[in-house]
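One structure is given here, and the rest of the page talks about it.
Values in this document were obtained by computation on a predicted structure and should not be read as measured data.
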Amino acid sequence: MPKSWTAEELLNLARAFQGACVLTAAADLDVFTALASRRQGAKALASKLRADARATATLLDALAAMGLLVKRGATYAPAPGVTEALSASSPSNVLAMTRHSGTCLRRWAQLATVVKTGRPAEGYRSIRDDEANREAFIGAMDNVSAPIAPRVIRELGPPRFQHLLDVGGGPATWTLAFLRAVPGSTATLFDLPQVIPLAQRRVAAAGMLDRVRLVGGDYTRDRLPRGADLAWVSAIIHQESLEGTTALFKRVYAALEPGGRILIRDLVMDASRTHPPMGALFAVNMLVATESGGTYTLREIAGALRAAGFAAPRLLRKADDMSAVVGARKPK
């Protein structure tokens, strides 16, 4: 039976943006990093952040009211667990994803206009520059993938391969996880030229530069590097139309060795397009952010794979989030 809503529940839902705005603004300003080492007052913190003192005090009080900061007298400090998650000084922080969520929020605020026009939202900048926002996006992908990659790969076999092609590999999170799972294997990571230096730093930090080839290019128009027997297409197809997805699969097909396999990690919707709920909401995220992206059903993904020449597409891992995996094979 459908849920029966009260007026108060609906108003609370409409006001839910407020906490997200406070949190993402604090992340963009790097409030939690600034407070990680010692408790400070609003005036001192505003000076450190080069921000307005009154506005800083208002933001800090809101963070304290939300339980993210602890206020004692006129000074503030992070609540337990906040520094680990939201300070740049913490190796396990999710600051990048929090900042990227702010970028998404600015797009979502334009949803009614997007629905009227059919055009993606205009790009309203954060206080950070384009390079910093790009790093936040790539870091956000690592924030999401790093905790799940070893488990997903383990549940997939792990797949046997000699050379992996990671299409749109971003921060190299999945490349590194596959190489750790399959000793002696090598990989090619393909992504936009401006992303490659970010990936290179992570591969170097992992001590795997000798096992990874980094190639810059655009998968929507450039030929993909050849020679792989396994292609990993992770969290990409939702950025494309079905036609664009088919075109991508054709490029992957051409790059793979005969008998090679493709694995696609993404949201997989049911026929109603309302489940999983995360997928329905993520389709909105693609509506406001892209020209033609969306989330797709297994039937649609399988159809695109067959149209590209792949055989026997099937769902290898069912999930209600973006860790569902569809696989297919290039005939020998």
Side-chain angles (χ1 to χ4, degrees), residues 1-29 31-32 35 42 45 51-52 54-86 93-124 126-127 136 140 143-144 238 267-290 293-295 319-323:
M1 179 180 294
K3 174 180 171 60
S4 177
W5 290 83
T6 67
E8 185 61 25
E9 286 174 328
L10 290 169
L11 288 175
N12 286 337
L13 185 60
R15 290 188 287 255
F17 71 92
Q18 295 174 348
C21 285
V22 170
L23 174 57
T24 56
D28 270 340
L29 290 161
V31 166
F32 305 106
L35 290 175
L45 185 60
D52 179 80
R54 171 178 168 272
T56 300
T58 301
L59 178 66
L60 294 177
D61 283 341
L63 289 165
M66 292 166 61
L68 296 172
L69 296 180
V70 177
K71 185 177 183 181
R72 292 179 185 168
T75 63
Y76 305 82
V82 171
T83 295
E84 290 76 12
L86 295 174
N93 76 79
V94 291
L95 193 56
M97 189 63 194
T98 309
R99 287 171 172 162
H100 176 60
S101 294
T103 299
C104 296
L105 189 156
R106 288 184 286 277
R107 293 179 181 139
W108 279 64
Q110 303 170 64
L111 178 57
T113 300
V114 171
V115 172
K116 288 280 283 185
T117 65
R119 302 288 299 168
E122 296 181 9
Y124 286 96
S126 71
I127 60 170
N143 288 166
V144 170
H238 58 246
L267 287 151
V268 178
M269 303 302 293
D270 70 4
S272 76
R273 299 187 183 279
T274 62
H275 188 83
M278 177 183 174
L281 290 173
F282 200 82
V284 177
N285 194 46
M286 291 298 96
L287 178 68
V288 299
T290 69
T295 51
D320 287 343
D321 57 16
M322 207 174 291
S323 61

Exercise. By side chain to side chain contact (heavy atoms under 4.5 Å, CB included), which residues pair with R54, not counting sequence neighbours?
Worked result: D52
Exercise. Residues two or more places apart in sequence or in another chain: which of them pass salt bridge (charged side-chain N to carboxylate O under 4.0 Å, His left out) with R72?
Worked result: none
Problem set entry | Considering all heavy atoms, the nearest A136-H100 contact | O-CB, 4.4 Å
Problem set entry | Interatomic spacing from CD1 in I127 to CG in L29 - rounded to 0.5 Å | 4.0 Å
Seminar exercise, completed: With sequence neighbours left out, the residues meeting side-chain hydrogen bond (donor to acceptor under 3.5 Å, both in side chains) with N143 are none
Problem set entry | For A51, all residues meeting side chain to side chain contact (heavy atoms under 4.5 Å, CB included), sequence neighbours excluded | L49, T56
Exercise. Just wondering, do W5 and L13 contact through their side chains at under 4.5 Å, heavy atoms?
Worked result: yes
For this session: Take L23 and L86 through the test side-chain contact (heavy atoms from CB on, under 4.5 Å) and record every step on the way to the result.
Result: CA-CA 10 Å; L23 174 57; L86 295 174; 3.8 Å; yes
Exercise. Any side-chain heavy-atom pair from W108 and V284 closer than 4.5 angstrom?
Worked result: yes
Problem set entry | L35 and T83, any side-chain heavy atoms less than 4.5 Å apart | no
For this session: Please say whether more than 12 non-hydrogen atoms of neighbouring residues, nucleotides or ligands are located less than 6.0 Å from CD in E122.
Result: no
Seminar exercise, completed: Separation between CZ (F32) and CG (L68), nearest 0.5 Å, reads 5.5 Å
For this session: Kindly compute the distance separating CG (L105) from CD (Q110), expressed to the nearest 0.5 Å.
Result: 10.5 Å
Exercise. What residue among L281, V268, D320 forms side-chain contact (heavy atoms from CB on, under 4.5 Å) with P276?
Worked result: D320
For this session: Give a yes or no on this: more than 12 heavy atoms of other residues, nucleotides or ligands lie within 6.0 Å of atom CZ of R119.
Result: no
Exercise. Between atom CG of L63 and atom CE of M66, what is the distance when rounded to the nearest 0.5 Å?
Worked result: 6.5 Å
For this session: Name all residues meeting the salt bridge (charged side-chain N to carboxylate O under 4.0 Å, His left out) criterion together with R106; count only those two or more places apart in sequence or in a different chain, and write none if there are none.
Result: D28
For this session: Please identify each residue that fulfils salt bridge (charged side-chain N to carboxylate O under 4.0 Å, His left out) with E9, with sequence neighbours left out.
Result: K3
Problem set entry | Euclidean distance, T290 OG1 relative to R107 CZ, rounded to 0.5 Å | 9.0 Å
Exercise. Has the side chain of T295 got a donor or acceptor atom that lies under 3.5 Å from a matching backbone atom of L267?
Worked result: no
For this session: Please tell me if the side chains of V144 and M97 come closer than 4.5 Å, counting only heavy atoms from C-beta onward.
Result: yes
